[in-house]
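All values below were derived from every heavy atom in this structure, side-chain atoms included, with hydrogens, water molecules and symmetry-related copies excluded.
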There are 2 protein chains.
Amino acid sequence: MATPKKQLHLTAFMRPVSLHTGAWRYPGAVPNANFSLPHLKSFIQKLEAAKFDAFFMADHLAVLNMPIEALQRSHTVTSFEPFTLLSALSAVTEKIGLAATASTTYDEPYHVARRFASLDHLSSGRAAWNIVTTGNPESAKNFGLDEHVEHSERYKRAREFYEVVTGLWDSFADDAFDSRSQESGIYFDPSKLHVLNHKGESLKVRGPLNIARPVQGWPVIVQAGQSEPGKQLAAETAEVVFCSPRDIQGAKELYEDIKGRAEKYGRNRDSLRILPAALVIVGDTVQDAKEKRLKLDSLVHYDSAIASLSIALGSDASGFDPDGPLPDDIADTNASKTGRAGVIKLARDEGLTVKQLAQRYGGYAGLAFVGTPQSIADEMEEWLSQGAADGFTVTFPFVPQGIDDVTQRLVPELQRRGLFRTEYEGSTLREHLGLSRPNNRFFT
Amino acid sequence: MATPKKQLHLTAFMRPVSLHTGAWRYPGAVPNANFSLPHLKSFIQKLEAAKFDAFFMADHLAVLNMPIEALQRSHTVTSFEPFTLLSALSAVTEKIGLAATASTTYDEPYHVARRFASLDHLSSGRAAWNIVTTGNPESAKNFGLDEHVEHSERYKRAREFYEVVTGLWDSFADDAFDSRSQESGIYFDPSKLHVLNHKGESLKVRGPLNIARPVQGWPVIVQAGQSEPGKQLAAETAEVVFCSPRDIQGAKELYEDIKGRAEKYGRNRDSLRILPAALVIVGDTVQDAKEKRLKLDSLVHYDSAIASLSIALGSDASGFDPDGPLPDDIADTNASKTGRAGVIKLARDEGLTVKQLAQRYGGYAGLAFVGTPQSIADEMEEWLSQGAADGFTVTFPFVPQGIDDVTQRLVPELQRRGLFRTEYEGSTLREHLGLSRPNNRFFT
Ligand SMILES: Cc1cc2nc3c(=O)[nH]c(=O)nc-3n(C[C@H](O)[C@H](O)[C@H](O)COP(=O)(O)O)c2cc1C
Ligand SMILES: Cc1cc2nc3c(=O)[nH]c(=O)nc-3n(C[C@H](O)[C@H](O)[C@H](O)COP(=O)(O)O)c2cc1C
């Protein structure tokens, strides 16, 4: 008997519904999809029908930090808050995981522990917590501060915050309510309630949490920090890692780095799934998919596009001829040599004009799979087999068509190859991801 | 043509599903109703079918502060968190209002404003915010403090918190997104975005909120503080007041007090609905209803019951003969003269033994309507016509039977008398309550 093939895991990046700035302007796209409950409901139901592992809500605690000229063109400016949206969507789905982002810098562990426990119970074990220390520095100003909390301070608090939240989830033993009896009047066994009494460097939280232990024991822990302390936090705590490598080589290094660190902490490599974010554009031919991408990029406003290109190059690009190729004699600055080399390589490889190049950076310049269902499945299979990823965090170019293309064309191809489930085998998100249920640290 | 009768408003107090400590032990009661999504879903659907104004979730940021001997008997110890539960229930209902409690002492205005705006959008205009300064002093210990924030400090922050939250809700003009155009690439009109820049005594919040203005302009503002600053906050800000008067006389005084204060602030008396909390027990005869209540009270454990009686009396009751009447010679202490007088009157009026009296105080000793559909409708009509209430916050003795009794027996009687709607006339909670939609303070 052949050993079963290693399986891909797929989560959908759904806030914003597309990371591509021009997405809402694409012909046929729903312009307000980020903020339309009927559309979001239909999207999650399509993703569940395709057996996706999870629906993922990023989160930001301020409008994005960009000049108003760019902000007025951004479809991210109004969005639902993750806990309220995912709870509503839990009522119209049955199996798909629900991953919410919550900040360890600008929230309280008691609130965070409680909301995730509640979402996990409401969804019968489908919640995941994307731990972020909050990227957007503007957030600080909405929470009484003038300056963003310093990076290492944020990660120190994050580590302790994780201890407190997981400790609060363990307030009740799994069987604390088994002894409930209308006859005797005992509602739960008080010897199965633990008072945390946490007193640490950044946090002081007594407990217990006023909610039973989550269905999954703990909701699945997700982490997406890219810095040194970010990778360290992932290695110590995360069960799913979202990341954004540029190519398969960078991905393999990151994969080894994080799994290696996790092993140092006595964790099994397999207790951690690494799912790079990838824009997926499906076409009838590779050429067709590439044209879709150029069309999509062309919807990005030139002013913000050229600003993005200047940042990527590390020198002002606004004087270049938009319709010509990237000049050869770009002044050498100290800003970002690897960044500039990447831009130059991209311009040559794809033969892009300055304008097209700018619109790539202003739209979405991260990892992308652009091709036919077959060619994309080939690439994904290669990433999986080479140890560059355990699956992907899929972001769509535009919706609903981008979702239909992935769920109706790419997923069947992955299923045909035995790389992706055709039915959910379990009912909790942990089961979809093949992760074990954590023991309660206070009770056995 | 006769002027239409003044209408009753009814909200259902649903966390806990019964305020009565013995509720979960009543024969036929669902013991884990507080924490069962399928049951809560069926309850809200029954309440919506009966055209209730709203489903109300109280909230506590700690397990209730009682000794473990009493806590182990309490059905409140595990509950869903309000935003997650109400969002899930918004997806299975269409008209009924969804009132969540959120603390101004142990939360951040940016989070609170955002979650309510999100719930209001998800529910198409059905959200309400019960502003509390948090009663349970144990909560402080879950948020890094040793002591509860001092009472006047809590109310000072609450008043400013309300300003900030409502200001954040007004971040976008109602028509800010009307100019959105796939053609031009403009997502919203930047001249219709307001940056709050609040700098006050307790709070500093920049804004703007990253979500469009709520459907209702602002979710409905609810308040339930009973102290002097509590009533003041209600008069200045609340559109619905929950309160717990003991009898119609006390209710009339409170009603006049709060509406009078509101008028001093230039508010219309009618922009404020006062809805006392009331336990409603329906029987085939008045005697039958009274027996249900005695039966329910008898399910309260004697140890916690006698402690509650001692507190109400202001002197130790544990030495009294449980099966005898309340002794005549209770030592006079300074503790609570009006409290004691009330206990003695109740014991005489209903001819209760010490044990029955104790179980009343240990179960639910607040306002109760106990009788037939007709007798209860008579009482409610009297409260309404005498200016003691604009309706009630109904708490059920046990569930589901207590909900069925109210929705299938009492409500039809109220409808027959023309006191309660037979159909929802509007679609938002403001419309159910007859409250106007607030203008945006920054845009006209
Ligand atoms: C797929 C993905 C999703 C992310 N989602 C969020 C998010 O929702 N909110 C947020 O503040 N940051 C988010 N981030 C940013 C990371 O949390 C992190 O702040 C960023 O990668 C910078 O790394 P560092 O914080 O370790 O310096 C995301 C990153 C990735 C790769
Ligand atoms: C019907 C009703 C519901 C209440 N719900 C809550 C609640 O959910 N959470 C809470 O902390 N306090 C709640 N309270 C308590 C009040 O907010 C308030 O703290 C209490 O009445 C004491 O008044 P004071 O705070 O003005 O001193 C409620 C009170 C009433 C009458």
So for [X], is it side chain, backbone, both, or neither that comes closer than 4.5 Å to the heavy atoms of chain B?
X	value
A:N32	both
A:D120	neither
A:N197	neither
A:E69	neither
A:L168	neither
A:H75	both
A:S181	backbone
A:Y26	backbone
A:Q72	both

Relative to chain B, which of [options] shows the most heavy atom pairs under 4.5 Å?
options	result
A:L209, A:L37, A:V205, A:I186	A:I186
A:V92, A:I68, A:V77, A:L119	A:V77
A:P31, A:A29, A:P208, A:S124	A:P31
A:I211, A:N142, A:T84, A:V63	A:N142
A:R73, A:E108, A:E183	A:R73
A:G185, A:P109, A:P190	A:G185

(message) Under a 4.0 Å threshold between the charged nitrogen and the carboxylate oxygen, would A:R115 count as salt-bridged to B:E81?
(response) yes
Heavy-atom pair count under 4.5 Å with chain A, highest-scoring of [options]:
options	answer
B:H111, B:H301, B:K41	B:H111
B:R25, B:K141, B:K204	B:R25
B:L64, B:L40, B:D146	B:D146

Please check this pair: side chain of [X] against backbone of [Y], looking for a donor-acceptor N/O pair closer than 3.5 Å.
X	Y	answer
B:S87	A:L85	no
A:H20	A:G22	yes
A:D297	A:G363	no

Could you tell me which portion of [X] (side chain, backbone, both or neither) has an atom closer than 4.5 angstrom to a non-hydrogen atom of chain A?
X	answer
B:S184	backbone
B:L196	neither
B:D107	both

(request) Check whether any side-chain heavy atom of A:D175 lies under 4.5 Å from a side-chain heavy atom of A:K192, and answer yes or no. (result) yes
Check the orientation of [X] and [Y]. Use parallel for under 30°, tilted for 30 to 60°, and perpendicular for over 60°.
X	Y	result
A:Y106	A:H148	parallel
A:W129	A:W169	perpendicular
B:F177	B:F172	tilted

(request) Flag yes if more than 12 heavy atoms outside A:K355 fall under 6.0 Å of its NZ atom; otherwise flag no. (result) no
Side chains of [X] and [Y]: is there a donor and an acceptor less than 3.5 Å apart?
X	Y	answer
A:T93	A:R126	yes
A:E160	A:H198	yes
B:S90	B:S123	no

(request) Answer yes or no on whether B:R180 is positioned over the face of B:Y187, meaning its NZ or CZ is under 6.0 Å from the six-membered ring centre and within 45° of the axis. (result) yes
